[in-house]
Chemist: 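Structure provided below as structure tokens; questions to follow.
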Amino acid sequence: GGAGYIGSHTVHELVRAGHTVTVFDNLSKGHRAAVPAGVPLIVGDLRDRNLFIKTLREHQIEGVVHFAADSLVGESMQQPAKYYHNNVVATLALLDAMRECGIDKIVFSSTAAVYGEPAEWPITEDMPTRPTNVYGRTKLVIEGMLADFAMAYGLRFVSLRYFNAAGALEGGAIGEDHTPEPHLVPLILKTALGQRPAVDIYGTDYPTPDGTCIRDYIHVTDLAVAHVLAIEHLAAGGGSKIYNLGSETGFSVRQVIERAKAITGVDFPVHQAPRRAGDPAVLVASAARIRRELGWQPVLSDLDTIIATAWRWHKSHPQGYADKK
């Protein structure tokens with residue numbers, strides 16, 4: 001998944017930190033243009049056992065950072081089979097291939113969706129995991145697989161439970177380009193560019209101050225740095241860990257829209273729509289554990305910086321990546 005949104009930003013940070021990286025991606029959502037020059041890109045599916053094992057061996061892979069997954073909450077409720085096949089079955093194939101090649105280190109792209117509708121916040125890693133959607137359930141199943149492989153086979157893993165990734169690389173070389181686009185910040189900015197007629201607010205009757213969902217937004221580069229720290233923790237012999245990744249600050253949908261209007265200078269239309277199935281009212285992280293144990297410190301995750309870097313990307317790439325595959 002290294003040609004995808006979070007994956008490609010992590011590849012950039014791994015290269016910057018001096019690591020040798022190989023990307024394996026089926027390009028169902030990723031883009032060749034997002035992979036830095038000089039980084040090998042192997043196009044394939046994790047369930048193609050022979051190709052994946054060949055890649056692990058030929059490129060002398062020592063550790064895996066695993067991003068590949070379907071991640072649309074609404075779609076997961078409508079097509080659960082797709083999510084169990086692409087998320088769970090493909091990850092099992094990945095883990096089996098790692099075992100065969102003697103690779104015992106993996107950083108896993110998990111999600112705050114494993115918590116479901118939390119009773120309180122900020123959310124800590126020790127709180128109950130009760131996902132309210134199929135996407136979150138598949139990620140939680142995979143976390144269980146990792147723990148079982150750790151117990152039985154000596155696998156060591158770091159599972160990173162993201163909150164809402166947003167923003168773009170500061171220089172503007174890469175950013176967020178999904179088809180369809182599910183995420184609030186790029187949907188807002190595409191509306192500001194005139195590419196969409198309006199921004200839809202899904203649910204205005206939540207038990208929050210302004211009735212709209214509250215989320216914890218974290219800059220994608222801060223997320224990427226956390227992956228570098230996680231794989232370096234494992235490379236140094238560190239044990240298995242689960243960490244939240246968030247800014248520890250929540251913003252409502254209406255607040256994000258208002259900041260985007262101020263930053264872009266565009267007063268775009270906003271429509272109200274019904275709630276979507278599986279959307280919790282509030283998701284705000286406690287990231288105290290990863291700060292304390294790995295020294296992670298988000299530096300770009302204030303809302304204005306997130307929106308401004310994303311706006312720079314979308315203005316300079318109004319049609320996303322020129323290479324859509």
Chemist: Tell me, do Ile231 and Ile106 make a side-chain contact under 4.5 Å, heavy atoms counted?
Modeler: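 No, every pair of side-chain atoms sits at 4.5 Å or beyond.
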Chemist: May I ask you to check whether Trp121 and Tyr115 place their ring centers less than 6.0 Å from one another?
Modeler: no
Chemist: Quick check against the 3.5 Å criterion: does His59 have a side-chain atom that pairs as donor or acceptor with the backbone of Thr20?
Modeler: no
Chemist: Under 4.5 Å between any side-chain heavy atoms of Leu300 and Glu170, yes or no?
Modeler: yes
Chemist: Considering all heavy atoms of both residues, which atom of Glu248 and which atom of Ala288 are nearest to each other, and what is their separation?
Modeler: OE2-N, 3.5 Å
Chemist: Report whether Tyr5 and Val15 are members of the same hydrophobic cluster (ILVMFWY, side-chain heavy atoms less than 4.5 Å apart, transitive linking).
Modeler: yes
Chemist: Treating Ile, Leu, Val, Met, Phe, Trp and Tyr as nodes and any side-chain heavy-atom pair under 4.5 angstrom as an edge, say whether Leu146 and Ile61 lie in one connected cluster.
Modeler: yes
Chemist: Nearest 0.5 Å, what's the CG-CD distance between Leu56 and Glu62?
Modeler: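 Between atom CG of Leu56 and atom CD of Glu62 there are 12.0 Å.
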Chemist: Are Ile290 and Leu223 linked, directly or through other ILVMFWY residues, by side chains that come within less than 4.5 angstrom of each other?
Modeler: yes
Chemist: Is there a side-chain contact between Val43 and Asp25, using heavy atoms and a 4.5 Å cut-off?
Modeler: no
Chemist: Hey, does the side chain of His314 reach the backbone of Pro186 with a donor-acceptor pair shorter than 3.5 angstrom?
Modeler: no
Chemist: Could you report the tightest heavy-atom contact between Trp296 and Ala287, atom names first, then the distance?
Modeler: CZ3-CB, 3.8 Å
Chemist: Between Tyr162 and His227, is the ring centre distance below 6.0 Å?
Modeler: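 Centroid separation for Tyr162 and His227: below 6.0 Å.
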Chemist: Which heavy atom of Ser240 sits nearest to which heavy atom of Leu155, and what is that distance?
Modeler: OG-O, 3.9 Å
Chemist: How long is the span from the NZ atom in Lys190 to the NE2 atom in His183, to the nearest 0.5 Å?
Modeler: 12.5 Å
Chemist: I want to check something: taking the side chain as every heavy atom from C-beta on, are Asn86 and Val89 in contact at a cut-off of under 4.5 Å?
Modeler: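 Sidechains of Val89 and Asn86: no contact.
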Chemist: Are Asp222 and Ser301 close enough, and set up right, to give a side-chain hydrogen bond (donor to acceptor under 3.5 Å, both in side chains), and what steps lead you there?
Modeler: CA-CA 7 Å; Asp222 287 333; Ser301 291; 2.6 Å; yes
Chemist: With no hydrogens and no angle check, do the side chains of Glu143 and Ser159 hold a donor and an acceptor under 3.5 Å apart?
Modeler: yes
Chemist: In Å, rounded to the nearest 0.5 Å, how long is the span from OG of Ser109 to CZ of Arg161?
Modeler: 12.5 Å
Chemist: Between Glu75 and Lys82 (salt bridge meaning N to carboxylate O under 4.0 Å), is one present in this structure?
Modeler: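 Yes, this pair counts.
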Chemist: What's the shortest heavy-atom distance between Ala285 and Asn244, and which atoms?
Modeler: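 Closest heavy-atom pair between Ala285 and Asn244: CB-CB, 4.4 Å.
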Chemist: What I want to check is whether the side chains of Asp126 and Thr124 have a donor and an acceptor closer together than 3.5 Å.
Modeler: no
Chemist: Is there a side-chain contact between Val270 and Ile257 in this structure, where contact means two heavy atoms from C-beta onward sitting under 4.5 Å apart?
Modeler: yes
Chemist: Consider only side-chain heavy atoms of I, L, V, M, F, W and Y, link residues closer than 4.5 Å, and tell whether Leu187 and Ile307 are in one cluster.
Modeler: no
Chemist: Can you find a heavy atom in the side chain of Tyr135 that is under 4.5 Å from one in the side chain of Met77?
Modeler: no
Chemist: Listing request: all side chain to side chain donor-acceptor pair (under 3.5 Å) pairs with a residue in residues 89-103, at least two apart in sequence or in separate chains.
Modeler: Arg49-Glu100, His66-Thr91
Chemist: Less than 4.5 Å apart, any side-chain heavy atom of Ile42 and any of Val23?
Modeler: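 The answer is no; the side chains never approach within 4.5 Å.
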Chemist: Any carboxylate oxygen within less than 4.0 angstrom of a Lys/Arg side-chain nitrogen, looking at Glu125 and Lys241?
Modeler: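 A salt bridge is absent here (no side-chain N lies under 4.0 Å from a carboxylate O).
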Chemist: Calculate, to the nearest 0.5 Å, the distance between atoms CG and OG belonging to Leu303 and Ser247 respectively.
Modeler: 8.5 Å
Chemist: Do Glu293 and Tyr243 meet the criterion of a side-chain donor-acceptor pair at a distance under 3.5 Å?
Modeler: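 Glu293 vs Tyr243: donor-acceptor pair found between side chains.
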Chemist: Could you go step by step and tell me if Tyr217 and Phe163 meet the ring pair (Phe, Tyr, Trp, His ring centres under 6.0 Å) rule?
Modeler: CA-CA 7 Å; Tyr217 294 89; Phe163 284 64; over 10 Å; no
Chemist: Does any part of the side chain of Leu94, heavy atoms only, come nearer than 4.5 Å to the side chain of Arg47, both counted from C-beta?
Modeler: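 The answer is no; the side chains never approach within 4.5 Å.
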Chemist: Over all heavy atoms of both residues, which pair between Asp200 and Arg196 is shortest? Give the atoms and the distance, please.
Modeler: OD2-NH2, 4.3 Å
Chemist: Tell me yes or no: between the side chains of His19 and Glu232, is some donor less than 3.5 Å from an acceptor?
Modeler: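 Distance-only check passes for His19 and Glu232.
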Chemist: In terms of hydrophobic clustering (I, L, V, M, F, W, Y; side-chain heavy atoms under 4.5 Å; direct or indirect links), are Ile123 and Val73 co-clustered?
Modeler: no
Chemist: Kindly confirm or rule out a cation-pi arrangement of Arg275 over Tyr206, judged by NZ or CZ under 6.0 Å from the six-membered ring centre and within 45° of its axis?
Modeler: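 That pair qualifies as a cation-pi contact.
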Chemist: What pair of heavy atoms forms the shortest contact from Lys105 to Met98, and how long is it?
Modeler: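 Looking at all heavy atoms of both residues, the shortest contact is O-CE, 3.5 Å.
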Chemist: For the atom pair CG (Leu169) and CD1 (Ile174), what is the distance rounded to the nearest 0.5 Å?
Modeler: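 The CG atom of Leu169 sits 5.0 Å away from the CD1 atom of Ile174.
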Chemist: When rounded to the nearest 0.5 angstrom, what is the spacing between CD1 in Ile214 and OG1 in Thr249?
Modeler: 11.5 Å
Chemist: Before accepting this row, confirm whether a basic side-chain N of the pair Lys29/Asp70 lies closer than 4.0 Å to the acidic partner's carboxylate O.
Modeler: yes
Chemist: Checking His219 against Thr309: is there a side-chain donor and acceptor pair closer than 3.5 Å?
Modeler: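 The criterion, which ignores hydrogens and geometry beyond distance, is satisfied for His219 and Thr309.
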